[in-house]
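For reference, the structure discussed in these notes is given below.
In this chain, numbering begins with 1 at the start of the sequence shown. For ligands, and for the atoms within them, numbers begin at 1 and follow the listed sequence.
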Amino acid sequence: MEKHSRITKETLLSLKEKLKDGVLPQWVLADRDMYDLEIKQVFGKTWQFLAHESELKEPGSYVTRWIANDPILLTKTKSGEIKAFLNSCTHRGTLLCTADSGKQKSFTCPFHGWTYNNEGDLVGIAVGNKVYGEEMNKEDWNLRPVPNVDSYQGMIFGNLDHNAESLSDYLGNMKWYLDMMLGRSDGGMEVQGSPQRYVVEANWKVTAENFESDPYHVQFTHKSSKELGIAPNDPFFPGHGHQVVLDNGHGINLVQFDDTGVSPIPYQGMPESMWPMFQKNLNVAQNDMVKDTFFVGGVYPNLGFLQFSLPLLNSEMGLYNFLNFRVWRPLAPDKVEVWSWHLIDKDAPQEYKEKSYVTFLGTFGPSGLLEQDDAEIWSRVTQASNGIMAQDKDLSYNSFLNYLMGMDRVQPNEDFPGPGVAYPLCFLDTLSRSMHKRWIDLLLAETPVKEEVR
Ligand code: FES
Ligand code: FE
């Protein structure tokens with residue numbers, strides 16, 4: 001069997017040059033060696049979203065998650081601290097906790113029965129005294145903690161890199177926008193239900209980019225939503241607004257419904273009784289954004305978000321606002337597991353929360369109207385990227401993806417009141433280019449220089 005090519009520093013530098021010209025070769029969407037390097041350099045080095053604190057309500061609560069191939073067990077201890085461990089028994093490595101979530105004081109391994117408390121301490125060894133003698137020190141065999149765990153606005157992240165920068169530095173100026181999305185209500189946000197999960201045959205870069213930086217696709221991919229009357233019929237929707245390029249590959253699109261800049265559904269359809277609370281908790285610029293735009297963007301590399309209400313004309317389903325966070329967990333070069341959370345303000349009326357959840361399910365749940373449109377297109381990119389022509393690595397042939405939209409043509413809005421570099425429209429590839437620049441920089445970090453081997 002032919003050996004795969006290796007990804008060298010030269011390869012990556014040539015990608016960087018191409019990106020400056022606004023193009024990337026298609027082979028990067030389906031190459032196994034590229035994928036393996038990404039797992040190490042991107043997912044092994046960046047802060048990864050694990051859970052929202054509302055999912056771990058009481059001491060003893062736990063959830064199980066993944067950072068790419070690393071199973072993670074998150075617990076809330078007796079003192080209320082949140083801890084994260086590799087969900088793998090230290091005896092012989094078995095997946096320790098197989099449930100999605102629950103509440104319990106200890107975890108007993110199904111293989112030979114070792115037991116850990118929710119602080120990660122090994123507290124019980126089946127017939128330990130008889131089989132190991134008294135000299136075995138249990139403390140040497142505690143669960144392995146995730147090297148870095150921290151949270152911002154209730155969002156808990158983990159980082160597998162021992163030398164990682166702080167979460168605060170990593171998020172950088174994205175924090176201002178997270179404050180806007182998550183901090184508008186006194187009680188913050190809370191997760192409704194469990195995260196939805198499903199597998200899509202697509203490369204993680206395709207799904208991440210589609211959410212964070214590609215409002216342009218709505219025109220065609222979601223054409224039926226216009227025909228159904230649940231999205232404005234304006235051919236430029238959702239191009240109006242600002243695309244904001246933020247630190248470290250993060251970004252947000254602040255989408256206006258039309259070119260007036262005034263939303264027909266103020267405060268994203270939240271109950272009027274809550275508007276004064278938003279005004280109190282947000283600064284003027286944030287308040288104006290929540291009042292007149294909706295948000296779609298991402299925390300690089302693989303946390304997408306969406307906060308909006310569709311102006312549904314035919315039923316009342318879409319009049320309800322929701323915040324959707326989603327992680328694109330890579331499973332293979334052509335496969336992602338989507339983890340998708342529904343969040344709504346803790347202070348919202350109960351009936352509103354329930355309708356918000358149903359609105360989320362009907363639009364961006366696994367069988368949601370818009371989700372189905374997207375998932376079909378994502379997998380078609382994969383279908384068309386695996387063949388000999390698309391995988392040709394000789395860059396003298398034309399097999400490039402086009403990131404030229406707005407390049408050298410659209411200038412930033414210097415008067416934009418929020419942080420970041422803001423461009424005055426959302427049909428733009430500027431944020432995609434920023435994401436892919438960050439991707440190459442991560443891949444290049446500490447990459448050994450070596451000759452290409454075939
Ligand atoms: Fe867990 Fe043996 S692998 S007790
Ligand atoms: Fe979409």
Residues Glu371 and Arg326 bridged, charged N to O under 4.0 Å: yes
Can you list every pair that meets ring pair (Phe, Tyr, Trp, His ring centres under 6.0 Å) and has a residue in residues 195-217, with sequence neighbours left out? Phe43-Trp204, Phe211-Trp328, Tyr216-Phe427, His217-His222
Charged N-O contact under 4.0 Å between Lys76 and Glu58: no
Please say whether more than 12 non-hydrogen atoms of neighbouring residues, nucleotides or ligands are located less than 6.0 Å from CD in Glu201. no
Greater than 12 external heavy atoms within 6.0 Å of Met389's CE: no
Partners passing ring pair (Phe, Tyr, Trp, His ring centres under 6.0 Å) against His52 (at least two apart in sequence or in another chain): none
Do Arg32 and Asp36 sit within salt-bridge range, that is, some charged N less than 4.0 Å from a carboxylate O? yes
Would you call Glu38 and Lys205 a salt bridge, taking side-chain N to carboxylate O under 4.0 Å as the test? yes
Using a distance threshold of 2.8 Å, what protein N/O/S atoms lie below it relative to the Fe ion (ligand 2)? His217 NE2, His222 NE2, Asp374 OD1, Asp374 OD2
Does Arg184 count as lying over the ring of Phe278, i.e. NZ or CZ under 6.0 Å from the six-ring centre, within 45 degrees of the axis? yes
Shell of protein N/O/S atoms around atom 1 (Fe) of ligand 1, taken as anything under 2.8 Å: Cys89 SG, Cys109 SG
